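Both ligands and their constituent atoms are indexed starting at 1 by order of listing. Just so we're clear, the structure is a prediction, and the values are computed from it rather than from any experiment. Any value given below was found using the heavy atoms of this structure, including those in side chains, with hydrogens, waters and symmetry copies removed.
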Amino acid sequence: MDCVFCKIIDGSIPTNKVYEDDMMLAFHDIEPAAPVHIVMIPKIHIESADALTEETSAYVAHIFSKVSEIAKSVGLENGYRVVNNCGPDGGQTVFHIHFHLLGGKTLGKMA
Ligand code: AMP
Ligand code: ZN
């Protein structure tokens, strides 16, 4: 499958990892949109939030259960934003569900 995040999971594309376990991976975004910009992905290919099921949403729950720990590990002590872009109108460009963890400054209002 031609999925950049599956290639990151299988190690064929290198990344700057900040957290990994059996269900998820978190790494620095290659084009940061904030002083700190981490991408958090499940280790299974789910196309988007729109494709989630009762079963696969366990991966999303797991990612959120680790958000605080990951945020603290990259210095986000004063808050952060978690963003999911879903589908073309949502601005999604990589069709493997992921959550952006953004911070390192006071962020503006959302679009
Ligand atoms: P989205 O636009 O929500 O689909 O987000 C995809 C994100 O993945 C973008 O912020 C990209 O900069 C990021 N990205 C794409 N390829 C890589 C890569 N090889 N390593 C790190 N981040 C990446
Ligand atoms: Zn994938």
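- Looking at heavy atoms from C-beta onward, Met23 lies out of side-chain contact with Ile44 at the 4.5 angstrom threshold.
- Here His28 has backbone heavy atoms under 4.0 Å from ligand 1, and that is the only part of it that gets that close.
- Among heteroatoms of the N, O or S kind in His96, ND1 lies nearest the Zn ion (ligand 2).
- Proximity to Thr93 (heavy-atom distance under 4.0 Å) selects the following atoms of ligand 1: 1 (P), 2 (O), 4 (O), 5 (O), 6 (C).
- No continuous path of hydrophobic side-chain contacts links Ile70 to Val39 [ILVMFWY only; heavy atoms under 4.5 Å].
- Asp21 CG: more than 12 foreign heavy atoms inside a 6.0 Å radius.
- By heavy-atom distance, the residue among Asn85, Ile8, Ile30 lying nearest atom 14 (N) of ligand 1 is Ile30.
- Of the protein's heavy atoms, Phe5 CZ, 3.4 Å lies nearest to atom 8 (O) of ligand 1.
- Near Gln92, the atoms of ligand 1 lying under 4.0 angstrom from a non-hydrogen atom of the residue are 4 (O).
- Annotation: Val94 places an N or O atom under 3.5 Å from an N or O atom of ligand 1; distance criterion only.
- Comparing heavy-atom distances from atom 7 (C) of ligand 1 across Asp29, Ile41, Leu102, Val39 singles out Asp29 as nearest.
- The 12-atom threshold is exceeded at CD of Glu69, counting heavy atoms of other residues, nucleotides or ligands nearer than 6.0 Å.
- Annotation for ligand 1: atoms under 4.0 Å from non-hydrogen atoms of His100 are 1 (P), 3 (O), 5 (O), 7 (C), 10 (O).
- Annotation: ring-ring contact (aromatic ring centres under 6.0 Å, His included) contacts involving residues 51-80, sequence neighbours excluded, comprise Phe64-Phe99.
- Between Ile41 and Met24 the shortest side-chain heavy-atom distance does not fall below 4.5 Å.
- Centred on the Zn ion (ligand 2), the SG atom of Cys3 and the SG atom of Cys6 lie at an angle of 120°, reported to 10°.
- For atom 1 (P) of ligand 1, the nearest protein heavy atom (residue, atom name, distance) is His98 NE2, 3.1 Å.
- Sorting the N, O or S atoms of His45 by how far they are from the Zn ion (ligand 2) puts ND1 first.
- Close approach of ligand 1 to Phe27 is summarised as follows: ligand atoms under 4.0 Å from at least one heavy atom of the residue are 21 (C), 22 (N).
- A donor-acceptor pair is defined here as one N or O able to donate and one able to accept, closer than 3.5 Å; no such pair exists between the side chain of Arg81 and the backbone of His100.
- In this structure, the side chain of His98 engages the main chain of His96 through a donor-acceptor pair within 3.5 Å.
- Heavy atoms of Phe95 found under 4.0 angstrom from ligand 1: none, in either backbone or side chain.
- Residue contact check: Glu31 has heavy atoms under 4.0 Å from atoms 12 (O) of ligand 1.
- In this structure the side chain of Lys72 reaches within 4.5 angstrom of the side chain of Glu77, judged on heavy atoms.
- Applying the 6.0 Å contact sphere to CG of Asp10 captures more than 12 heavy atoms from other residues, nucleotides or ligands.
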